[in-house]
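Okay, structure first, notes after.
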Number of protein chains: 2
Amino acid sequence: MNQSDDPAPIPRKRNPRGVTMEAVGRMAGVSQVTVSRALSDPSKVSPETMARIREAIAVTGFVPNALAGALASRRSMMVSALVPSITNIVYATMLAPFSDELKSRGYQILLSETGFDPEEEAATVEAHLSRRPDAMLLTGVHHAARTRRMLLGADLPVVEVWDITETPIDLCVGFSHAASGRAVAEFAHGAGYRQAAGICAGDERAQRRLSAFAERFGTLSGTDVPVARTERGNLASGRALLTQLIDKRGFTGGVVACSSDVLAQGVLIEAAARGLSVPRDLAVVGFGDQELADAVEPALTTVRVNREALGRAAAQALLTRIDGATPSRSVIDVGFTLIRRASA
Amino acid sequence: MNQSDDPAPIPRKRNPRGVTMEAVGRMAGVSQVTVSRALSDPSKVSPETMARIREAIAVTGFVPNALAGALASRRSMMVSALVPSITNIVYATMLAPFSDELKSRGYQILLSETGFDPEEEAATVEAHLSRRPDAMLLTGVHHAARTRRMLLGADLPVVEVWDITETPIDLCVGFSHAASGRAVAEFAHGAGYRQAAGICAGDERAQRRLSAFAERFGTLSGTDVPVARTERGNLASGRALLTQLIDKRGFTGGVVACSSDVLAQGVLIEAAARGLSVPRDLAVVGFGDQELADAVEPALTTVRVNREALGRAAAQALLTRIDGATPSRSVIDVGFTLIRRASA
DNA sequence: TTGTAAGCGTTATCAA
DNA sequence: TTGATAACGCTTACAA
């Protein structure tokens, strides 16, 4: 049995770059597993060993490969979050506490925009699932059949937010958009307004709010409630739609319900430009209670949704499921509050 | 050599769940590699085989494990993006085209907020590096020494955006904040204003813009330029700071330069509430040319930065480096444009 | 066109 | 307290 008989295969690394636990261990005089243990649970390693490993890590600049870790442990420590739009402050503000809560438990957020299209959402869900997140947040409760199927098959904690349903994929934290629209109608009618109109952005939930408003107000007042629509929910659209209501649709005053505070602010600006006094000539109600609502002139009457609490509750519900427990409730209605200020 | 002599070890899966290429292959009557090839390059597989594999994938609902793929190929197909704040529309709007451009090449974005703290940024960079992104975007050009060290050690394409430097870590796409501040000063002085004040949010780049404005305007006019500061760059702060300038710091009129359009809009609101006419009693200049700039009353004079182009250029620079090529320039100044509207 | 074998860099299991 | 060894589910040679 000499060397030529049994030539030991020379294992050759494909890529010598990249510091590994193997290298750190060599430098610290321990095996690769010990390095792994040192990082995951220092109490399982002797203090002296720990010190040498720390030293080696500092010297080499070792950064553990979380991909390998995730593959081996079947826990990626990532939570994916799918929202219609990152630039929409409404989603961004609930994401911040959601993310904070999860970060404090060591999770990172894999964030994607889905637009408002269920098919795009399905594609994004698939892309995210391929990265094996430990949980997933979806915005809204209406999804492509394929999305539901993939999610049920993947068998991971899922929370649907910003809307409510009795039949969530898994968990749900949100509120009823129709109820909020009706609440605005009842408030406005109760405040004495007898004419109303609506201004509505393109997304489906906004439309549900405004339809409910229009229907309820119509019932209460016995009048017709025109609703002007736009794709983009920005200031300029708010201005343009008020113009449209007044100049083209014969709206002569009363209350204008808007599907967002930004649209409402556009209405305020256009009203001022036309010399209309708010709320005397025209009352305005927004939605969202964004920061601006309290700062505009006159201050905006609006519907507040506690987005902070919503994001946090969604994170906590997922964490409970990740920990293998069953949340006390799988559907949480965070509700909404009508905030009366000067504009209506 | 019978069975009892050499008992074949019974390999036991740790977790029988989760469809793998192995399982798909078994169902389609091919080996695991063939499934891999079918997915990465269908032309290398016979049409009949392809059909059977597709069928098996559909039946099983197989979703490839990108973690395993990344580990084996050393390409994660993820690009990480670090911005100070997701809720800040300025960063969000450059992220959208950045993300689009990369998505079209199959990359996903791993997004994190870093706040405005270099140490928090360093921690986030480390967390991201552990996921082995193929490239990274950082906001700003001032980073902790540790951040630079990690990034240079990781040897990946890095682009720093939204500011400019002669000595980038790798690539840089941005503009000079000081130059934009000076440009506003020169415009305002040239337009005939002889008194000025500044309103400035807490972040370092905003301060650089306003300092440059104050210094330049001071030099041109020979007057002192008071600058009011706030942590939060929202509407309410804009209103409060105008109040502060007028009531406490003796500002009697002229031009007010603001570090963002939102602050400027707050100034417009407060001015209107005080019965001041803009630009007659008070001229206002914003920064950013956000959507609202064109929709407020009066329309806002502001500094436009082509955030869309910036995000796209950053993505393209990274893609060039990922492809192993050398970008023609490692520093790209996208500049800025002063947009004159009615407010100044 | 397909398959075999050897990694990728960790964690989990079991033994020492 | 430590280490050897076998996964984890892919991709990349290389061979057939």
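Lettering follows sequence order; numbering is per chain, from 1.
One side chain, B:T93 or B:R307, offers a donor N or O that lies under 3.5 Å from an acceptor on the other.
In this structure, B:D41 places its CG atom 12 Å from P of D:dT11, rounding to the nearest Å. Between the CG atom of A:L39 and the C1' atom of C:dA12 there is a distance of 16 Å, rounded to whole Å. Rounded to a whole Å, the CD atom of B:E22 is 13 Å from the P atom of D:dT11. Counting to the nearest Å, the P atom of C:dG9 and the CZ atom of B:R131 are 17 Å from each other.
Between A:D134 and A:R105 no salt bridge is recorded (no basic side-chain N to carboxylate O distance below 4.0 Å).
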Could you run down the sub-3.5 Å N/O contacts of the protein with nucleotides 14-16 of chain C?
none

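A:L310 is not listed as a side-chain neighbour of A:F98, based on a closest heavy-atom distance of 4.5 Å or more. A heavy-atom distance below 4.5 Å is not found between the side chains of B:V141 and B:T167.
Using a 4.0 Å cut-off on heavy atoms, the residues of residues 46-69 of chain A that approach DNA chain C are A:F62, A:P64, A:N65, A:A68, A:G69, listed by number.
Residue B:R74 places at least one side-chain N or O under 4.0 Å from the OP1 or OP2 atom of C:dG9. Close to D:dG3, at under 4.0 Å from its OP1 or OP2, lies a side-chain N or O of A:T34. The phosphate of D:dG3 (OP1 or OP2) has a side-chain N or O of A:S31 nearer than 4.0 angstrom.
Nearest nucleotide to the B:R75 side chain, out of D:dT11, D:dT12, D:dG3: D:dT12. Among the nucleotides D:dT11, C:dT11, C:dT10, the one closest to the side chain of B:R132 is C:dT10. Among the nucleotides C:dT11, D:dT12, D:dC10, the one closest to any side-chain atom of B:M21 is D:dC10. Of all nucleotides listed (C:dG9, C:dG3, D:dT11), C:dG9 comes nearest to the side chain of B:L71.
With sequence neighbours excluded, no residue forms a salt bridge (charged side-chain N to carboxylate O under 4.0 Å, His left out) with B:E119.
For the atom pair CE of B:M136 and NE2 of B:H128, the computed distance is 6.5 Å after rounding to the nearest 0.5 Å.
Mapping A:K44 and A:Q32 onto DNA chain D by nearest heavy atom places A:K44 closer to the 5' end of the strand.
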request  = Please assess B:E48 against B:R52 for the test salt bridge (charged side-chain N to carboxylate O under 4.0 Å, His left out), listing each intermediate value before the final yes or no.
outcome  = CA-CA 6 Å; B:E48 305 82 53; B:R52 292 206 312 279; over 6 Å; no
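A donor-acceptor pair is defined here as one N or O able to donate and one able to accept, closer than 3.5 Å; no such pair exists between the side chain of B:Q108 and the backbone of B:K103.
Among the protein residues, B:V45 comes within range of the sugar-phosphate backbone only, with heavy atoms under 4.0 Å from sugar or phosphate atoms but none that close to a base.
The neighbour count for B:R146 CZ, taken as heavy atoms of other residues, nucleotides or ligands under 6.0 Å away, is above 12.
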